[in-house]
There are 2 protein chains.
Amino acid sequence: MRHDGRLSRMLHVLLHMEEQKRPMTSDEIAGMLGTNPALVRRTLAGLREGGYVVSERGHGGGWMLGKPLSEMTLRDVYDAVGAPEIFALGLADDQPQCLVEQAVNMALRQSLDEAKALLLRRFAEIRVSDLRDDFAARAAALGIIPGMSCADA
Amino acid sequence: MRHDGRLSRMLHVLLHMEEQKRPMTSDEIAGMLGTNPALVRRTLAGLREGGYVVSERGHGGGWMLGKPLSEMTLRDVYDAVGAPEIFALGLADDQPQCLVEQAVNMALRQSLDEAKALLLRRFAEIRVSDLRDDFAARAAALGIIPGMSCADA
DNA sequence: CCGTTTCGTAACTTATCAAGTTTCAAATAA
DNA sequence: TTATTTGAAACTTGATAAGTTACGAAACGG
Ligand code: FES
Ligand code: FES
């Protein structure tokens, strides 16, 4: 199944945004992600509504962090990109007449809901700044100087 | 995102199959599920390989259970339908050069893997016969006679 | 044997939706 | 004014589960 990479992409962008003190344009970000600026605007628009980033138009404009990475959890970002569907697995029919199918749905829903709750709980425990810190620690251990490392950027 | 209903559908079929002692044709099953016989054959083929159902061709042929529902778990059925992708959420790039993106991937993978492990553990704990029992108990409590209740069937 | 039923399988079409693309208006700064 | 950059709408593309069509093979009845 085709998957939804919005959360993944936005986390990547936020981390790079912190490194750059200046505003980043949608074009720059699109180049980084290997995608296009319209998609970047579309997706970052959600983060702007939550105050996680701010945008400015015109000369010297672009996108900057709206608050420190330590004040955003993965859950916040997940919600900001529209709380996309988590599971590819689904029910054949949400409101079936068939009592047998209702029993199937009930059991599957319960297991899926548990897994979803666990995932969102984990997301709420992880600050975006934790990703940066983990990364910095690992890079330091390898003797690598942190920073942009993408061929596209 | 479009979701994968194979597990859900196959559980539904297995439960109905137990009620009927005679073989059920792909056409009957397709009518039940509101789908078509080719899809039924395609999906049940996986269950046949695991011995969960058996099929017979020709006059009076069709599909029957290959073992009792108490000897199949949801995990077994999940595997038999091809262990489909569980998550709609995915990574933008599985093997990125960018160290920042690697950090994002690592964090997301860990959370997703935990949720997946929990889900599959739950699936392994639930026997298909448990669904039938739950259903029967609830139906009895409501004073409903268990059996086919689908308008299509 | 022959005709019917039913699965087995492959090839093709459809529906869906995130992602990609195009386009232009509006705002901002030089 | 002119160049830059976001904002937003409309449209196309790509991927794939599901749906469809078609025909062969097997089993059975007569
Ligand atoms: S995209 Fe992360 S380093 Fe360029
Ligand atoms: S499909 Fe379950 S009762 Fe008909």
Side-chain angles (χ1 to χ4, degrees), chain A residues 1-10 12-13 17 20 22-49 53-64 66 78 81-93, chain B residues 1-10 12-13 17 20 22-49 53-64 66 78 81-94 152:
Chain A
M1 162 141 337
R2 190 86 181 285
H3 58 214
D4 187 321
R6 282 177 286 184
L7 172 58
S8 154
R9 267 184 261 269
M10 288 305 101
H12 185 183
V13 170
M17 229 178 244
Q20 315 284 330
R22 62 188 178 78
M24 301 183 73
T25 67
S26 302
D27 276 291
E28 279 180 302
I29 296 171
M32 240 173 56
L33 298 181
T35 179
N36 66 82
L39 177 61
V40 171
R41 294 197 191 101
R42 210 188 283 160
T43 319
L44 276 172
L47 296 189
R48 184 181 47 218
E49 282 170 35
V53 297
V54 292
S55 62
E56 208 143 345
R57 296 200 261 202
H59 255 323
W63 301 87
M64 293 189 73
Y78 167 77
V81 297
E85 179 60 46
I86 290 176
F87 295 108
L89 243 49
L91 308 175
D93 180 353
Chain B
M1 165 140 338
R2 189 85 181 284
H3 57 215
D4 187 320
R6 281 177 286 184
L7 173 59
S8 154
R9 267 185 260 268
M10 288 306 100
H12 185 183
V13 170
M17 232 179 243
Q20 315 284 329
R22 62 187 177 80
M24 301 183 73
T25 67
S26 304
D27 275 291
E28 278 180 304
I29 295 171
M32 241 172 57
L33 297 181
T35 180
N36 65 81
L39 177 60
V40 171
R41 293 195 193 106
R42 211 189 282 161
T43 318
L44 276 173
L47 296 189
R48 184 182 46 218
E49 281 171 36
V53 298
V54 290
S55 62
E56 208 143 345
R57 295 200 262 202
H59 255 322
W63 301 87
M64 293 189 73
Y78 167 77
V81 297
E85 180 59 47
I86 290 176
F87 295 109
L89 244 48
L91 308 175
D93 180 351
D94 268 293
D152 314 310

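Just so we're on the same page: letters track the sequence lines, and every chain starts at 1.
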> What residue pairs, at least two apart or across chains, pass salt bridge (charged side-chain N to carboxylate O under 4.0 Å, His left out) with a residue in residues 28-39 of chain B?
Replying inline: Arg22(B)-Glu28(B)

> For the pair made of CZ in Arg6(B) and P in dG19(D), what is the distance, rounded to whole Å?
Replying inline: 12 Å

> Separation of Leu44(B) atom CG from dT6(C) atom P, in whole Å?
Replying inline: 16 Å

> Is there a side-chain contact between Met17(A) and Leu44(A), using heavy atoms and a 4.5 Å cut-off?
Replying inline: yes

>> On the nucleotide dC7(C), are OP1 or OP2 found under 4.0 Å from the side-chain N or O atoms that Ser26(B) carries?
In response: yes

> Does Ala92(A) offer a backbone N or O that forms a donor-acceptor pair with the side chain of Ser8(B) under 3.5 Å?
Replying inline: yes

> With side chains defined as the heavy atoms from C-beta onward, is the minimum distance between Glu56(B) and Pro23(B) less than 4.5 Å?
Replying inline: no

>> Does dA17(D) have its OP1 or OP2 closer than 4.0 Å to a side-chain nitrogen or oxygen of Arg9(B)?
In response: no

> Residues in side chain to side chain contact (heavy atoms under 4.5 Å, CB included) with Arg48(B), at least two apart?
Replying inline: Ala45(B), Val53(B), Ser55(B), Trp63(B)

> Base, backbone or nothing for each nucleotide of nucleotides 21-30 of chain C, written B, S, -, heavy atoms under 4.0 angstrom, 5' to 3'?
Replying inline: BB----BBBS

>> Side-chain N or O of Ser55(A) versus OP1/OP2 of dT5(D): is the shortest distance under 4.0 Å?
In response: no

> Just wondering, do Glu85(B) and His3(A) contact through their side chains at under 4.5 Å, heavy atoms?
Replying inline: no

